[in-house]
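Naming: A, B, ... by sequence-line order, numbering from 1 per chain.
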Amino acid sequence: MDALQSTLALLDFAAVFVFAATGALAAARRKHDIVTFGFFAAITGVGGGTLRDLLIDAPVFWIDRPSYLVVCLAAGTAVWVFGQRRFRARLLLWLDALGLAAYAVVGAAKASAFGVPPLPAIVMGVLTATCGGIIRDVVAEEPSVLLRREIYITAALLGAAVFVGLQLLGIAALPAGLAGFAAALALRACAIVFNWSMPRFPGKDEG
Amino acid sequence: MDALQSTLALLDFAAVFVFAATGALAAARRKHDIVTFGFFAAITGVGGGTLRDLLIDAPVFWIDRPSYLVVCLAAGTAVWVFGQRRFRARLLLWLDALGLAAYAVVGAAKASAFGVPPLPAIVMGVLTATCGGIIRDVVAEEPSVLLRREIYITAALLGAAVFVGLQLLGIAALPAGLAGFAAALALRACAIVFNWSMPRFPGKDEG
Amino acid sequence: MDALQSTLALLDFAAVFVFAATGALAAARRKHDIVTFGFFAAITGVGGGTLRDLLIDAPVFWIDRPSYLVVCLAAGTAVWVFGQRRFRARLLLWLDALGLAAYAVVGAAKASAFGVPPLPAIVMGVLTATCGGIIRDVVAEEPSVLLRREIYITAALLGAAVFVGLQLLGIAALPAGLAGFAAALALRACAIVFNWSMPRFPGKDEG
């Protein structure tokens with residue numbers, strides 16, 4: 001349990017950091033100032049987890065532990081200092097994939113810990129993993145990551161479902177969490193590298 | 001009271017289903033995959049009610065009763081299987097009208113049941129009825145239903161106000177709810193069929 | 001303490017009124033009807049404070065005190081009646097500045113009163129001050145106030161930080177609040193009048 005808690009806490013900080021960095025990278029594309037960097041880093045880094053906590057009626061995680069905000073500001077500052085043109089688009093994609101995989105598991109695990117049934121717990125993993133990026137794209141007026149053609153939500157769904165499913169089968173939380181993380185990351189990585197996508201809606205064209 | 005509860009529960013499921021279908025139809029227009037269908041179905045189907053529950057500090061309705069999520073996934077699957085080009089735009093409009101009318105009453109009724117005063121209860125009906133669609137349009141990058149010219153919010157407002165007003169006059173919840181539902185649906189239907197709209201802001205033009 | 005409460009309450013109503021007016025002015029630009037005026041007035045007027053209350057787990061402020069909604073509707077009606085072309089853009093900017101300064105202090109003060117630590121309390125001031133406008137711009141499909149080049153979030157941050165910092169130094173809440181309000185308003189005013197902005201991200205251009 002201790003190893004699980006530590007692993008979850010580490011994944012949690014890592015996910016906040018990488019999502020915060022994607023928020024700051026979105027701010028960098030528009031050449032914003034340092035405060036706006038911090039703002040975008042914060043709403044992207046903690047946005048998904050905040051929605052999860054509101055929904056499961058948990059205390060919002062970053063209010064009692066301001067270190068999460070410090071992590072967001074550190075990510076924003078890191079992007080400001082090191083962010084260079086050639087890294088940005090590609091880096092954002094991979095950081096986003098790491099955060100997606102980590103948050104899918106962390107979100108489902110926290111929801112389960114608060115007594116949420118399996119199906120809504122999976123949904124909570126998906127929301128935690130995707131909503132930070134959705135908020136970032138809506139507020140920054142970027143093309144939404146949701147509307148990309150490659151697999152995205154599906155990777156979060158796979159990770160959360162693997163974690164919840166393995167736990168239902170009696171597997172301990174730590175290996176179940178690592179399996180979920182690995183499954184989500186592997187699927188998203190294949191989507192990025194090989195341009196994998198799910199079958200499209202087969203209906204006739206609109207136009 | 002039993003009949004009221006049953007009617008409310010039925011309206012609630014129906015509203016979730018039809019809003020979920022409009023979310024899936026938005027996904028269909030962009031030719032998304034089945035998981036994205038489910039995602040849009042879920043956020044549109046339960047989005048307005050989720051906001052209501054957060055605001056009135058009620059447990060979020062779909063977390064303890066995963067059947068709501070199953071309804072959303074069923075709606076998404078139904079659109080995937082049956083969705084054809086010629087049905088879509090028109091069908092979406094009418095499903096949205098049904099969901100709008102049902103949610104205006106359900107939202108106001110649940111808020112009243114949680115002790116919310118009349119004016120905020122009416123607002124809660126309007127928010128429940130409109131926010132699922134607003135979230136869908138913002139996330140799917142569709143033109144917002146709010147910015148359409150025909151009567152939309154006004155229909156939700158009428159339905160919620162009729163329900164709350166009749167209850168204040170001592171009418172039982174069931175007939176008050178049906179009257180509110182009918183009023184909202186009738187007004188929205190007239191707006192769709194006859195292109196009714198409210199008087200516009202009379203100020204001079206911007207340009 | 002009494003003077004503080006009264007001042008905070010007054011600032012709160014004033015901030016709701018001016019933000020509500022900016023929401024109605026956004027509706028005026030699109031020539032919406034009176035109900036949509038009220039809707040935009042309400043979501044802009046109470047949006048930031050609602051998010052704050054959800055995050056700090058306080059009862060949402062306008063549900064138990066419907067007078068806030070009445071203030072929003074009054075602001076919407078005022079814009080409908082008095083809104084003229086030449087006032088609009090400029091007026092919106094200054095009303096927004098007043099609301100920003102008031103809400104930065106009110107948001108941080110309420111969060112502190114609910115036991116939120118200093119850093120998240122400052123963040124709460126920033127969110128309260130900026131999220132009403134962000135919601136307005138996202139829903140009304142206006143260019144986001146966040147993406148403007150002049151100082152905006154920074155002014156809210158300054159106001160909240162001055163208030164929280166002075167309180168940490170032992171200054172009473174009333175003078176600390178007035179100092180925070182004045183600081184935020186002065187900085188935003190300079191940004192509007194002199195077109196002040198913070199240094200931009202120095203990275204190379206994207207294109």
Counting heavy-atom pairs under 4.5 Å with chain A, which one of B:Val138, B:Val35, B:Val70, B:Asp53 comes out on top? B:Val35
Point-to-point distance, once rounded to the nearest 0.5 Å, from CD1 of A:Ile151 to CG of B:Asp33: 7.5 Å
Go through the atoms of A:Leu54 and report whether side chain, backbone, both or neither lie under 4.5 Å from a heavy atom of chain B. both
Between atom CG of A:Leu157 and atom CZ of B:Phe39, what is the distance when rounded to the nearest 0.5 Å? 10.5 Å
Close side-chain approach of A:Asp57 to B:Pro59, heavy-atom, < 4.5 Å: no
Can you tell me which portion of A:Ile134 sits under 4.5 Å from chain B's heavy atoms? Options are side chain, backbone, both or neither. side chain
At their closest point, which heavy atom of A:Leu55 faces which heavy atom of B:Thr50, and how far apart are they? CD2-CG2, 3.2 Å
Residue part contacting chain A, namely of B:Phe40, when any heavy atom lies under 4.5 Å: side chain
Using the rule side-chain contact (heavy atoms from CB on, under 4.5 Å), only one of A:Val123, A:Val116, A:Leu119 pairs with B:Ile63; which is it? A:Val116
Cut-off 4.5 Å, heavy atoms of chain A, and the answer for B:Ala140 is backbone
